[in-house]
Engineer: 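Supplied in structure tokens, the structure appears directly below.
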Amino acid sequence: NKGVISLKKDKPQEIRVAPEAPKIITPIKVVPVAAAVPSLPVAPPPPPPVKLPPKIVIVSPAEETVLNVPKGRGSPQVPALFKWTQDQPDVPIKFVLRKTLDGVPGDPLKTVVTRTSQVDAILTSPGNYIWELLEESSVGAPLKVARFDVQPEFDGIEILSPLVGGSAITDNKLVDKLVKEFSVTFRWKPLPGVKQYVVAVLSRGEGGKVLMEKTTTAPELTFNRNKILTNKVFYRVSGKVPSGFLATSKTEVFSFNFLSPRQMLPMDNSVVPQGKAGLKKKTLLFTWQKTNFTEEYEIEVGTDREITRPVIQKKLKDNFFVIDIPEKGAYWWRVISHSETATSPKGPAYSFQVQ
């Protein structure tokens, strides 16, 4: 067989080489390369929507609001409700309350994060406050700010009845015992924590000008010793408590009436017999009640109701006077009280008829 090498024993080997098969060349198909197509630019994704901070409107307390201690409150504290509106109700807002000193905000007194658009707080000292509203995680400028004031004065002092000469009286009528030395003692209930009180005497009621101020550590003040007051006195008491609030009283009025004594004998419209001629003249006794703080009494007797021209006018230390019964006719009498600094109005003119 052509192309096959045969090997046989005992015979010289004959090597036959089969002719090489012709090489088959496979033609390479050349595929033309298409021209490169330029790629279009890819548009970037749209940016996320910008999140705007909520719009906030402060409701209360608004800028420059003045808060006061509620009347009748036992301790000087001011409850405050901070309210606002916001257009994004689901966004939490951080509330910060501070007190200012010389216009500079101090450390936070209260910090709250809330979605309720309101925060309550108790203000325990007077002065200027500032409250701020911020986004929850914000460390920058607040969204809204408002300042307000807490007034120091509050109605916290209760006035007691004044004493005159050590007694709770308003005039010089004799009650239990005769009192000679005049003085006025203003009194009030003590307030815990107050170390010093100020008593201001005013020209009139609310809004009156301060005429005089006196200080005391006791819950009372005595003045006008031996000098009788016959006009109205308006006064007010104040004292500072440890928290800085100023307790005050209502403006009170004190008035003392320096009266003429009550006339006793002869009673009004009395008839006095003159007595028979030639007999010893009879006497007529005038008596009246004593009055407190009185140095002397003055009796006047006249022949007209107004006693324009007294027929008798006498100053006495005692509360009685004796005269000879005058001539027949109509008479009137009255008594006046005098102290070193005051004179009472003239007493009523009592009449008596001598027959």
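Numbers here are sequence positions counted from 1. Remember, it's a predicted structure, so these values are computed and weren't measured experimentally.
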Engineer: Is it possible for you to say whether Ile58 and Val145 belong to one hydrophobic cluster, with membership spreading through side-chain heavy-atom contacts below 4.5 Å?
Structural biologist: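 No, no single cluster joins them.
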
Engineer: Would you say Ser203's side chain and Gly208's backbone share a donor-acceptor pair under 3.5 angstrom?
Structural biologist: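 It does not hold such a pair.
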
Engineer: Without swapping roles, check the side chain of Lys314 against the backbone of Phe321 for a donor-acceptor pair under 3.5 Å.
Structural biologist: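 Side chain of Lys314 to backbone of Phe321: no pair is present.
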
Engineer: Rounded to the nearest 0.5 Å, how far apart are NZ of Lys180 and CZ of Phe293?
Structural biologist: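 Reported to 0.5 Å precision, the distance equals 10.5 Å.
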
Engineer: I want to check something: taking the side chain as every heavy atom from C-beta on, are Lys315 and His338 in contact at a cut-off of under 4.5 Å?
Structural biologist: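 Of all side-chain heavy-atom pairs linking His338 with Lys315, at least one is under 4.5 Å.
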
Engineer: Look only at the side chain of Asn257 and the backbone of Leu259, and say whether a donor-acceptor pair between them is shorter than 3.5 Å.
Structural biologist: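 No; judged by distance alone, with no hydrogens or angles, the pair does not exist.
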
Engineer: Could you tell me which non-hydrogen atom of Gly244 sits nearest to which non-hydrogen atom of Pro152, and how far apart they are?
Structural biologist: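 In terms of heavy atoms, the two residues are closest at O-CB, 4.2 Å.
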
Engineer: If you compare all heavy atoms of Phe258 against all heavy atoms of Ser337, which two are closest, and at what distance to 0.1 Å?
Structural biologist: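 Looking at all heavy atoms of both residues, the shortest contact is CE2-O, 3.5 Å.
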
Engineer: Using a distance-only test with no angle check, is there a side-chain donor-acceptor pair under 3.5 angstrom linking Ser238 and Thr248?
Structural biologist: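 No - no donor-acceptor pair under 3.5 Å links their side chains.
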
Engineer: Charged N to carboxylate O under 4.0 angstrom, Glu300 versus Arg334?
Structural biologist: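 Looking at Arg334 together with Glu300, the answer is yes, because their closest N to O distance falls below 4.0 Å.
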
Engineer: Carefully, step by step, assess Thr111 and Lys94 under the rule side-chain hydrogen bond (donor to acceptor under 3.5 Å, both in side chains).
Structural biologist: CA-CA 7 Å; Thr111 301; Lys94 182 163 67 174; over 6 Å; no

Engineer: For Gln355, does the CD atom have more than 12 heavy-atom neighbours from other residues, nucleotides or ligands under 6.0 Å away?
Structural biologist: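 Result for CD/Gln355: enclosed.
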
Engineer: Please confirm whether the backbone N or O of Tyr197 pairs with a side-chain atom of Thr216, one donor and one acceptor, at under 3.5 Å?
Structural biologist: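 It does not hold such a pair.
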
Engineer: Val272 and Phe352: which non-hydrogen atoms are nearest, and at how many Å?
Structural biologist: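 Closest approach of Val272 to Phe352, heavy atoms only: CG2-CD1, 4.1 Å.
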
Engineer: Are Phe286 and Val335 close enough, and set up right, to give a side chain to side chain contact (heavy atoms under 4.5 Å, CB included), and what steps lead you there?
Structural biologist: CA-CA 10 Å; Phe286 296 89; Val335 182; over 6 Å; no

Engineer: Give the C-alpha distance, both sets of side-chain angles, the deciding distance and a yes or no for side chain to side chain contact (heavy atoms under 4.5 Å, CB included) between Asn68 and Phe154.
Structural biologist: CA-CA 7 Å; Asn68 297 279; Phe154 74 101; over 6 Å; no

Engineer: Can you tell me if Ser351 and Asn269 form a side-chain donor-acceptor pair at under 3.5 Å?
Structural biologist: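 On atom types as modelled, these side chains qualify, holding a pair under 3.5 Å.
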
Engineer: Apply the test side chain to side chain contact (heavy atoms under 4.5 Å, CB included) to residues Phe82 and Phe95: give CA-CA distance (whole Å), side-chain angles for both, the deciding distance (0.1 Å), then the verdict.
Structural biologist: CA-CA 9 Å; Phe82 299 86; Phe95 165 90; 3.6 Å; yes

Engineer: Would you give the length of the straight line joining atom OG1 of Thr287 to atom CE of Met267, rounded to the nearest 0.5 angstrom?
Structural biologist: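 The OG1 atom of Thr287 sits 10.5 Å away from the CE atom of Met267.
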
Engineer: Around atom NZ of Lys214, are there more than 12 heavy atoms from other residues, nucleotides or ligands closer than 6.0 Å?
Structural biologist: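 No.
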
Engineer: Answer yes or no: is there a donor N or O on one side and an acceptor on the other, between the side chain of Asp87 and the main chain of Pro54, under 3.5 Å?
Structural biologist: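 Judged by distance alone, no pair lies under 3.5 Å.
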
Engineer: Could you walk me through whether Phe182 and Phe256 pass ring pair (Phe, Tyr, Trp, His ring centres under 6.0 Å), step by step?
Structural biologist: CA-CA 11 Å; Phe182 182 90; Phe256 183 79; 5.2 Å; yes

Engineer: Among side-chain atoms of Ser260 and Lys346, is any donor-acceptor pair under 3.5 angstrom?
Structural biologist: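 Ser260 vs Lys346: no donor-acceptor pair found between side chains.
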
Engineer: Quick check: does any side chain N or O of Arg225 sit under 3.5 Å from a backbone N or O of Ser183, one acting as donor and the other as acceptor?
Structural biologist: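 Side chain of Arg225 to backbone of Ser183, a donor-acceptor pair under 3.5 Å: no, none is there.
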
Engineer: In Å and rounded to the nearest 0.5 Å, what is the NZ to CD distance from Lys55 to Gln86?
Structural biologist: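 Spacing of NZ (Lys55) from CD (Gln86) equals 13.5 Å.
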
Engineer: Hey, is the main chain of Gln151 close enough, under 3.5 Å, to the side chain of Asp149 for a donor-acceptor pair?
Structural biologist: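 It does not hold such a pair.
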
Engineer: Count the heavy atoms belonging to other residues, nucleotides or ligands that lie under 6.0 Å from NZ of Lys99, then report whether that count exceeds 12.
Structural biologist: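 Yes, because the 6.0 Å sphere around NZ of Lys99 holds more than 12 heavy atoms from other groups.
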
Engineer: If only atom types and distance count, is the side chain of Thr294 paired as donor or acceptor with the main-chain N or O of Glu296 below 3.5 Å?
Structural biologist: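 Judged by distance alone, no pair lies under 3.5 Å.
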
Engineer: Looking only at heavy atoms, which two atoms of Thr85 and Val59 are closest? And how far apart?
Structural biologist: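 Looking at all heavy atoms of both residues, the shortest contact is CG2-CG2, 4.0 Å.
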
Engineer: Closer than 3.5 angstrom, by distance alone: can the side chain of Arg98 be matched with the main-chain N or O of Trp131 as a donor-acceptor pair?
Structural biologist: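 No, the answer is negative, given that no donor and acceptor are paired below the 3.5 Å cut-off.
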
Engineer: State the CG-OG distance between Leu284 and Ser270, to the nearest 0.5 angstrom.
Structural biologist: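 Spacing of CG (Leu284) from OG (Ser270) equals 9.0 Å.
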
Engineer: Rounded to the nearest 0.5 Å, what separates atom CH2 in Trp188 from atom CG in Leu221?
Structural biologist: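 Those atoms lie 5.5 Å apart.
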
Engineer: Might you point out which heavy atoms bring Val112 and Lys110 nearest each other, and give the distance in Å?
Structural biologist: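 Answer, listing the atom of Val112 first, then Lys110: CG2-CE, 3.7 Å.
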
Engineer: Would you call Tyr129 and Leu123 a side-chain contact if the rule is heavy atoms closer than 4.5 Å?
Structural biologist: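 In short, these two side chains touch, coming nearer than 4.5 Å.
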
Engineer: Do the side chain of Glu132 and the main chain of Leu97 share a donor and acceptor less than 3.5 angstrom apart?
Structural biologist: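 No, Glu132 side chain to Leu97 backbone: no donor-acceptor pair under 3.5 Å.
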
Engineer: Spell out, yes or no, whether Val96 and Trp84 are grouped together once hydrophobic residues are joined by side-chain heavy atoms under 4.5 Å, including indirect joins.
Structural biologist: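 Cluster IDs for Val96 and Trp84 differ.
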
Engineer: Identify whether Leu109 and Val119 are in the same connected component of the hydrophobic contact network (ILVMFWY, side-chain heavy atoms under 4.5 Å).
Structural biologist: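 Cluster IDs for Leu109 and Val119 match.
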
Engineer: Remaining members of Leu246's ILVMFWY cluster at a side-chain heavy-atom cut-off under 4.5 Å?
Structural biologist: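 Hydrophobic cluster check, Leu246: no partners found.
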
Engineer: Under the side chain to side chain contact (heavy atoms under 4.5 Å, CB included) rule, collect the residues that match up with Arg236, sequence neighbours excluded.
Structural biologist: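 Checked Arg236 against side chain to side chain contact (heavy atoms under 4.5 Å, CB included); matches are Leu202, Ser249, Thr251.
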
Engineer: Mind checking what makes side chain to side chain donor-acceptor pair (under 3.5 Å) contact with Thr100, not counting sequence neighbours?
Structural biologist: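 Per chain and number, Thr100 pairs via side chain to side chain donor-acceptor pair (under 3.5 Å) with Asn128.
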
Engineer: Are there over 12 heavy-atom neighbours, none belonging to Glu340, within less than 6.0 Å of that residue's CD?
Structural biologist: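 No, because the 6.0 Å sphere around CD of Glu340 holds 12 heavy atoms or fewer from other groups.
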
Engineer: So which atom in Glu220 and which in Thr185 form the shortest heavy-atom distance, rounded to 0.1 Å?
Structural biologist: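 Distance-wise, the nearest heavy atoms are CB-CG2, 4.1 Å.
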
Engineer: Where does the angle between the aromatic ring planes of Phe186 and Tyr235 fall among parallel (under 30°), tilted (30 to 60°) and perpendicular (over 60°)?
Structural biologist: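 The rings of Phe186 and Tyr235 lie parallel, inter-plane angle below 30°.
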
Engineer: Between the side chains of Lys189 and Glu158, is the shortest nitrogen-to-carboxylate-oxygen separation below 4.0 Å, so that they form an ion pair?
Structural biologist: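 Judged by the 4.0 Å cut-off on N to carboxylate O distance, Glu158 and Lys189 do form a salt bridge.
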
Engineer: Check the pair Ile312 / Ile323 against side chain to side chain contact (heavy atoms under 4.5 Å, CB included), numbers first and verdict last.
Structural biologist: CA-CA 9 Å; Ile312 297 175; Ile323 64 171; 3.7 Å; yes

Engineer: Kindly compute the distance separating CD (Gln263) from CH2 (Trp288), expressed to the nearest 0.5 Å.
Structural biologist: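 It comes to 9.0 Å.
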
